[in-house]
Amino acid sequence: MKFIVAAPEYREDSGGILVLHYLAHLLAIEGHDSIIAAKSTFPESKARLKYWEMDSNQPDFCDGTEMVIYPEVITNNPLHASHVTRWLLHKEGFHTGKAIEYGNNNLIFQYASFCEPLSRKPHGILKIQWIRTDIFQNKHQRRRLFGFIVRKGKSKGPYKLKTRRHPPKSLPLDASLSGELHEAATAFNKVRIIVCYDPATFWTICASLCGCFVIIIPTKGINKNQFHRELPFFKYGIAYGFFDILRALRTRSRIYETVNDEYQANLSSVKNYVEVVSSYFTEKSTLGVLP
């Protein structure tokens with residue numbers, strides 16, 4: 001089966017970009033003809049790189065037999081694909097302020113249940129996580145007590161005196177998360193405790209592997225059980241709110257267990273997605289839609 005994953009050029013400072021490139025890699029590992037449509041990808045990728053500038057209109061890019069996977073930040077169909085998967089890595093319209101222009105032959109997959117489409121029902125969950133344990137390690141250095149991460153948590157008021165939850169003089173970490181992964185790992189090894197306003201950033205796991213204790217500021221309307229059900233890889237060693245600290249401390253030793261299990265979970269999620277796509281193409285072929 002042939003897949004094309006449309007993505008921005010490879011960068012290490014965005015969890016969304018990382019998983020797009022990693023998905024193309026995993027599809028290739030599973031034996032599929034996998035292409036990453038981007039300006040660049042990571043050197044170890046098993047997917048074929050086909051040069052494409054993000055959002056540029058390319059009417060001759062597809063031949064009509066492949067499944068093209070777009071993230072939710074691409075709201076139209078710039079590759080003129082006949083068959084499209086919309087992979088919602090966040091709520092539809094969160095980044096663009098625009099609804100997706102769905103076509104008749106669109107499958108919709110969510111990264112997690114909170115990544116909601118505005119007007120369509122999803123076809124399933126496609127959730128993968130790429131954690132670089134070779135980079136994110138505890139260096140056992142002297143550390144400041146507190147740091148904080150904002151990322152997509154600005155709505156929780158992290159910069160306002162009345163609504164912020166990190167202590168004064170906490171080390172801001174966002175700037176260190178905008179470069180190479182080694183830079184982020186160095187920053188994490190400088191603090192002991194991190195208050196994180198973004199509930200779904202992969203940086204929380206990375207920080208935990210570097211020896212930090214992470215406290216996620218809860219999202220209104222989502223309790224701890226719901227949060228762990230949607231994002232189970234944040235369950236151990238990471239506190240969802242200040243009242244969850246004791247449980248998180250007791251389970252810190254299981255962080256590596258979670259990360260080690262994640263690879264098999266990734267493959268399982270990809271296989272489930274491919275099964276849905278296979279059924280979709282079989283149905284189209286039966287109806288005489290495919291060439």
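Annotation for Ala28 and Ala47: closest pair CB-N, 3.9 Å, computed over non-hydrogen atoms. Between Leu89 and Pro71, the closest heavy-atom pair is CD1-CB, 4.3 Å. Nearest heavy-atom pair across Ile222 and Gln226 is CA-OE1, 3.4 Å. A pairwise comparison of heavy atoms in Leu27 and Ser34 identifies CB-OG, 3.8 Å as the closest pair. Contact record, Tyr263 with Leu26: CE1-CD2, 4.1 Å, taken as the closest heavy-atom pair. Contact detail for Lys98 and Glu92: the closest heavy-atom pair is O-CG, 4.5 Å.
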| Test side-chain hydrogen bond (donor to acceptor under 3.5 Å, both in side chains) applied to Thr85 and Tyr273, step by step | CA-CA 10 Å; Thr85 293; Tyr273 164 69; 2.8 Å; yes
| task | Kindly determine whether Phe61 and His80 satisfy side-chain contact (heavy atoms from CB on, under 4.5 Å), including the steps that lead there. | result | CA-CA 7 Å; Phe61 204 95; His80 295 257; over 6 Å; no
| said: side-chain contact (heavy atoms from CB on, under 4.5 Å), that's the test. Do Trp203 and Ile205 meet it? Break it down for me. | reply: CA-CA 5 Å; Trp203 292 118; Ile205 292 287; over 6 Å; no
| request: Apply side-chain contact (heavy atoms from CB on, under 4.5 Å) to Cys212 and Arg143, showing your working. | output: CA-CA 10 Å; Cys212 304; Arg143 302 170 183 247; 3.8 Å; yes
| message | Pair Gln58, Lys50 - check side-chain contact (heavy atoms from CB on, under 4.5 Å), show working. | response | CA-CA 12 Å; Gln58 296 286 343; Lys50 189 172 181 180; over 6 Å; no
| request: Given side-chain hydrogen bond (donor to acceptor under 3.5 Å, both in side chains), test Glu72 with Tyr70 step by step and report yes or no. | output: CA-CA 6 Å; Glu72 85 290 347; Tyr70 290 127; over 6 Å; no
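Follow the hydrophobic side-chain contacts under 4.5 Å out from Ile125 and you never reach Tyr280; the two are in separate clusters. Placement of Ile193 and Val150 within a single hydrophobic cluster is found when ILVMFWY residues are connected by side-chain heavy-atom separations under 4.5 Å, directly or transitively. Cluster annotation: Leu20 is connected to Ile131 through the hydrophobic network of ILVMFWY side chains, with a link wherever side-chain heavy atoms come within less than 4.5 Å. Under the 4.5 Å side-chain heavy-atom criterion for ILVMFWY residues, no single connected hydrophobic cluster contains both Phe94 and Ile217. Linking ILVMFWY side-chain heavy atoms closer than 4.5 Å, directly or via other members, places Ile36 and Trp52 in two distinct hydrophobic clusters.
Considering only heavy atoms from C-beta on, Ile149 stays 4.5 Å or farther from Val195 through its side chain. Counting only heavy atoms from C-beta outward, the side chains of Val84 and Leu107 never approach each other to under 4.5 Å. Side-chain contact between Thr186 and Ser176 is absent, with no heavy atoms from C-beta onward closer than 4.5 Å. For the pair Leu171 and Leu173, the minimum side-chain heavy-atom distance is below 4.5 Å. Two residues are said to be in side-chain contact when any heavy atoms from C-beta on lie closer than 4.5 Å; Ile216 and Phe227 meet this criterion. Side-chain contact between Gln110 and Leu126 is absent, with no heavy atoms from C-beta onward closer than 4.5 Å. Looking at Phe3 and Ile69, their side chains come closer than 4.5 Å, going by heavy atoms from C-beta outward. Between Cys115 and Lys91 the shortest side-chain heavy-atom distance does not fall below 4.5 Å.
Here the CD-NE2 distance, from Glu66 to His83, works out to 7.5 Å after rounding to the nearest 0.5 Å. One distance of note links CD1 of Ile245 with CG of Leu249; it measures 7.0 Å at 0.5 Å rounding. How far NZ of Lys2 is from CZ of Phe281: 10.5 Å, rounded to the nearest 0.5 Å. With rounding to the nearest 0.5 Å, the separation of OH in Tyr111 from CG in Leu231 is 7.5 Å. Taking CD1 of Ile100 as the reference point, atom CZ of Arg86 lies at 5.5 Å (rounded to 0.5 Å). Between atom OG of residue Ser208 and atom OH of residue Tyr236 there is a gap of 14.0 Å, rounded to the nearest 0.5 Å.
Listed by first then second residue, pairs satisfying salt bridge (charged side-chain N to carboxylate O under 4.0 Å, His left out) with a partner in residues 215-235 read Lys224-Asp244, not counting sequence neighbours.
Between His166 and Tyr197, the side chains place a donor N or O and an acceptor N or O closer than 3.5 Å (distance only, hydrogens not considered). In this structure, a donor-acceptor pair under 3.5 Å is absent between the side chains of Asn223 and Tyr240.
Taking a 6.0 Å sphere around CD of Glu180, one finds it holds 12 or fewer heavy atoms contributed by other residues, nucleotides or ligands. Other residues, nucleotides and ligands contribute more than 12 heavy atoms inside 6.0 Å of the OH atom of Tyr51.
A donor-acceptor pair is defined here as one N or O able to donate and one able to accept, closer than 3.5 Å; such a pair exists between the side chain of His123 and the backbone of Ile108. Under the 3.5 Å distance criterion, the side-chain polar atoms of Ser278 are left unmatched by any main-chain donor or acceptor of Val274. Proximity of a side-chain donor or acceptor of Arg192 to a complementary backbone N or O of Gly211 within less than 3.5 Å is not detected. Proximity of a side-chain donor or acceptor of Arg247 to a complementary backbone N or O of Ile238 within less than 3.5 Å is detected. Between the side chain of Thr41 and the backbone N or O of Leu49, no donor-acceptor pair lies under 3.5 Å. Between the side chain of Ser269 and the main chain of Asn266, no donor-acceptor pair closer than 3.5 Å is present. A donor-acceptor pair under 3.5 Å is formed between the side chain of Ser14 and the backbone N or O of Ile17. Of the possible donor and acceptor atoms, one in the side chain of Thr251 sits under 3.5 Å from a partner among the backbone N and O of Gly237. With hydrogens and angles ignored, the 3.5 Å screen pairs no side-chain donor or acceptor of Asp33 with any backbone N or O of Met1. Distance alone, capped at 3.5 Å, places no donor-acceptor pair between the Asn77 side chain and the Glu101 backbone.
We find that Asp198 and Lys156 are not joined by a salt bridge, their nearest charged nitrogen and carboxylate oxygen being 4.0 Å or further apart.
Partner of Phe42 under the side chain to side chain contact (heavy atoms under 4.5 Å, CB included) criterion, chosen from Glu12, His21, Arg11: His21.
Residues meeting the side chain to side chain donor-acceptor pair (under 3.5 Å) test with Tyr22, sequence neighbours left out: none. Asp60 meets the side chain to side chain donor-acceptor pair (under 3.5 Å) test with no other residue; sequence neighbours excluded.
Ring orientation note: the planes of Phe188 and Phe136 are tilted relative to one another, at an angle of 30° to 60°. In this pair, Tyr10 and Trp130 present their aromatic rings tilted. The plane angle is within the 30 to 60° band.
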